[in-house]
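Below is one structure, written out as structure tokens, with a few remarks after it.
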Amino acid sequence: MLMKKILLSAVFLVAMVVNATAGDIKFHTGTKDNVPGDVSRFLNMPVGKGYAVGTMEQAPPRKVEIGPNVQVNLLLNEDFSLFTAGSEEAPDPVDVMLLPNSDDFFLTPGWSGIEVHQAGGKAFFEMGVDDKGEDNPGYLMTPDIDLSQGQGIYRATFRVKNANPNSTDAPLQYFVLNNDPNNRGIIKAEGQPMSNEQYTDVVIIGANGVKYTSLMFLSWRGKIFVENFKLEELIFPLAIPQNIKMELTSANTIKASWDAVEGATSYTVALLQDGNEIVTVEVPASAGNSVELTGDFTPGQQVGISVIARNGDDHSYPGYVYGTPMPEEIGTPVALEATNVTENGFTANWEETPFAANYQIHIDRTHEVTEEGEEIVYLYEDFQEVPFESSDDQRSTIVTTDGMPVYLDDYINYPGWSTFLCSIFKGVLAITNMYEAYGIPGVLMGPQTDYSLGGGKVKVSGMCLSFFDDAVLKVGFGTLGFGATGYTINFEEGAKDVDVSTAGTFFNVELEGGGADKQICFQMTDGAQSGDMVAFLGLNISSDLLVGDKYTAMYKNSIVPGGTTSFDVEAPLVGNDEYSYYVVGTYGDMKSKPSNVITVSIPNAIKQVAGITASAIHIEDGCIVVDNPTGAEVTVFSTNGIQVSRVSHNNSVRVPVTCGTYIVKVGDSVFKVLR
């Protein structure tokens with residue numbers, strides 16, 4: 001199943017689109033270039049050509065209340081009692097809609113469709129084949145109903161059953177359509193789950209009904225039974241709130257506003273995401289027509305605002321709007337000096353900045369090697385922190401959108417890695433060479449880094465597997481090039497070939513010739529004839545260091561929630577080590593400019609307090625000597641936290657100590673002393 005998921009994602013890359021599932025349709029609006037897959041398929045059907053999607057509404061944001069004073073007008077009632085032939089076990093083979101007297105089979109004339117059959121008091125329709133041998137989904141469409149005289153609110157009720165014996169989750173697709181011959185469009189589209197064991201009672205409530213409103217049932221995925229269909233007009237006592245707007249006022253607060261509704265004494269306003277009410281408030285009409293909603297919604301993702309007008313037991317149908325509110329920009333954080341600096345770490349600090357839902361704390365370490373055999377890790381990645389699950393087909397495929405490599409900073413722990421296209425989710429990153437002929441190689445590229453350490457020798461190891469046949473993976477120092485056939489990787493001499501099997505391969509190679517500003521690349525150079533994929537389950541890149549090597553490398557890259565202004569860093573401050581950090585504010589995919597850089601080391605913790613500086617402390621005759629003209633309190637600790645001495649009011653302090661490292665506190669200043 002894991003391989004199937006990756007393969008499917010790769011196939012979708014040809015069109016650079018990942019189709020939405022039926023259950024996702026209700027969250028989408030837009031143009032023909034930005035609609036769910038099932039809607040796109042409908043638009044390409046003969047019956048769907050000519051429909052516009054610019055006015056397609058989303059599903060109601062909540063279960064709609066139907067109060068006692070809501071007027072209900074029955075507009076269409078079809079129980080399929082004239083479908084007398086056939087049965088559920090053996091539907092009649094004749095397509096009713098091809099008969100010249102098809103209207104005689106309905107209580108109300110004007111129904112249309114294809115592959116519609118009688119099934120003993122039920123309508124049965126199925127996936128057929130057109131004259132070109134291609135799939136031709138059966139559908140059934142109601143007559144046009146005039147909903148323009150009221151509020152345009154409708155309720156459709158019916159019973160539906162999945163007639164596919166081998167599929168328990170094939171959904172029914174339905175479309176609410178505007179059949180105005182001069183302005184045809186999709187009012188609403190949604191997938192409806194149904195069972196193949198029993199009938200499912202379905203209630204559809206929507207708004208924006210027009211003069212030529214019709215509801216279509218569509219059998220994308222096989223065979224369907226429908227019975228007992230009713231379409232009703234609903235007229236609520238209060239008008240639907242109009243002109244609803246949302247505005248982001250902070251990282252977790254949205255301001256909602258709307259036009260006043262005549263007769264309303266209050267409004268129920270909800271902030272919605274993924275079909276859930278994050279927060280709901282009651283707003284008296286006397287308080288105006290706006291309110292700020294603070295809730296735990298996902299930055300950069302679609303949210304909705306729902307507004308219901310109320311007056312006692314009377315209420316309106318909910319007005320609502322969906323969108324993705326984003327700030328114009330995120331303020332640049334200001335990094336502050338580190339505090340609580342000890343040999344075991346420090347606290348990074350910064351000032352809070354507007355619209356930062358999270359902060360990324362990037363920490364580098366500058367280290368000089370003093371003992372042979374130390375190891376530097378350039379990359380250790382098991383892909384377990386990737387935010388996508390293997391079932392999340394729409395989000396797991398990372399593709400190029402502008403012909404340039406896609407950076408993976410938001411998906412793996414080490415910054416600067418890039419690819420042209422890949423599938424990535426918990427525990428796996430897969431590249432493919434299926435599109436190499438189009439100038440898009442199956443390649444994973446590291447950042448330009450100083451690989452001169454350890455004499456330029458780099459160890460590269462990991463676990464990978466191929467999908468369709470044994471493959472070859474080339475690993476080495478290389479650069480990205482561009483020629484007449486598209487992008488290429490130009491490997492340096494010394495690159496290694498790794499044989500990869502479908503059963504999985506552990507590889508361990510050593511590269512030589514490392515230097516400053518070089519990058520390590522992985523590329524499929526051989527695979528199945530029609531293309532293959534290589535999935536990495538883990539990667540490790542490191543070097544054994546030599547005494548005197550000095551480097552600056554990423555130490556940690558952490559994310560903390562907005563509202564936080566400090567982060568405790570566990571870091572060994574030894575020898576001449578230095579750490580530097582900067583802060584970036586994020587909101588969804590938006591990022592602020594990096595903050596200023598703060599450098600931290602043990603000497604940085606020494607401050608002049610009460611006239612004391614580092615030069616006032618020295619070692620003499622086996623003692624720590626402190627020149628203390630102001631008589632500040634002097635405390636000496638061993639590195640394990642044991643207090644060795646504490647003296648007050650002395651102008652000169654001498655503390656006998658054995659060899660080792662000590663922490664000396666003079667007033668509020670902290671010093672590290674080595675004897």
Side-chain angles (χ1 to χ4, degrees), residues 9 18-21 23-30 34-36 58-62 190 244-257 269-281 291-307 318 320-331 333 352-361 383-399 401 406-413 423-426 557-565 567 583-592:
S9 294
V18 183
N19 285 339
T21 60
D24 293 318
I25 288 179
K26 62 184 180 181
F27 297 113
H28 292 268
T29 64
N34 182 27
V35 296
Q58 295 162 324
R62 60 172 76 194
E190 190 170 20
I244 300 172
K245 298 178 181 179
M246 66 173 77
E247 176 189 358
L248 193 71
T249 56
S250 76
N252 61 348
T253 302
I254 290 177
K255 180 181 179 181
S257 61
V269 186
L271 175 62
L272 314 148
Q273 189 167 55
D274 296 333
N276 300 314
E277 295 185 11
I278 296 175
V279 60
T280 302
V281 297
V291 67
E292 287 197 338
L293 303 169
T294 300
D296 188 18
F297 55 90
T298 304
Q301 299 296 311
Q302 189 181 62
V303 296
I305 297 293
S306 166
V307 183
Y320 55 93
V321 66
Y322 281 93
T324 306
M326 300 291 289
E328 291 187 7
E329 64 177 0
I330 304 171
E352 191 171 1
T353 191
F355 297 108
N358 294 289
Y359 294 102
Q360 291 182 350
I361 318 302
F383 309 110
Q384 292 298 323
E385 298 303 315
V386 177
F388 310 139
E389 298 290 348
S390 60
S391 60
D392 194 353
D393 290 330
Q394 292 189 77
R395 298 299 305 277
S396 63
T397 303
I398 311 301
V399 301
T401 57
V406 177
Y407 280 89
L408 301 174
D409 289 3
D410 292 336
Y411 311 110
I412 65 175
N413 292 320
S423 289
I424 187 166
F425 38 84
K426 296 288 186 185
N557 201 10
S558 298
I559 298 176
V560 299
T564 306
T565 56
F567 177 70
V583 184
V584 175
T586 68
Y587 186 92
D589 294 334
M590 289 184 64
K591 293 184 178 181
S592 72

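FYI, the numbering just counts along the sequence from 1.
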Can any side-chain N or O of Gln273 pair as donor or acceptor with the backbone N or O of Gln302 at less than 3.5 Å?
yes

Quick one: ring-ring contact (aromatic ring centres under 6.0 Å, His included) partners of Tyr359, sequence neighbours excluded?
Trp350

Do [X] and [Y] have side chains that get closer than 4.5 Å, going by heavy atoms?
X      : Y      : answer
Val303 : Pro325 : yes
Val583 : Gln360 : no
Tyr320 : Val307 : no
Ile361 : Asn557 : no

List the residues meeting salt bridge (Lys or Arg N to Asp or Glu O under 4.0 Å) with Lys245, not counting sequence neighbours, and say none if there are none.
none

Heavy atoms only: give me the nearest Leu272-Tyr322 pair and the separation to one decimal.
CD1-OH, 4.4 Å

Partners meeting side chain to side chain contact (heavy atoms under 4.5 Å, CB included) with [X] (sequence neighbours left out):
X      : value
Met590 : Met326, Pro327, Ile330
Lys255 : Glu247, Thr249, Ser290, Glu292
Pro561 : Asn358, Thr564
Val386 : Phe383, Phe388, Ile424

To the nearest 0.5 Å, what is the distance between OG1 on Thr280 and CG on Leu293?
8.5 Å

Qualifying residues under side-chain hydrogen bond (donor to acceptor under 3.5 Å, both in side chains), relative to Asn252, sequence neighbours excluded:
Ser250

For Thr294, the side-chain hydrogen bond (donor to acceptor under 3.5 Å, both in side chains) test, sequence neighbours excluded, returns Thr253

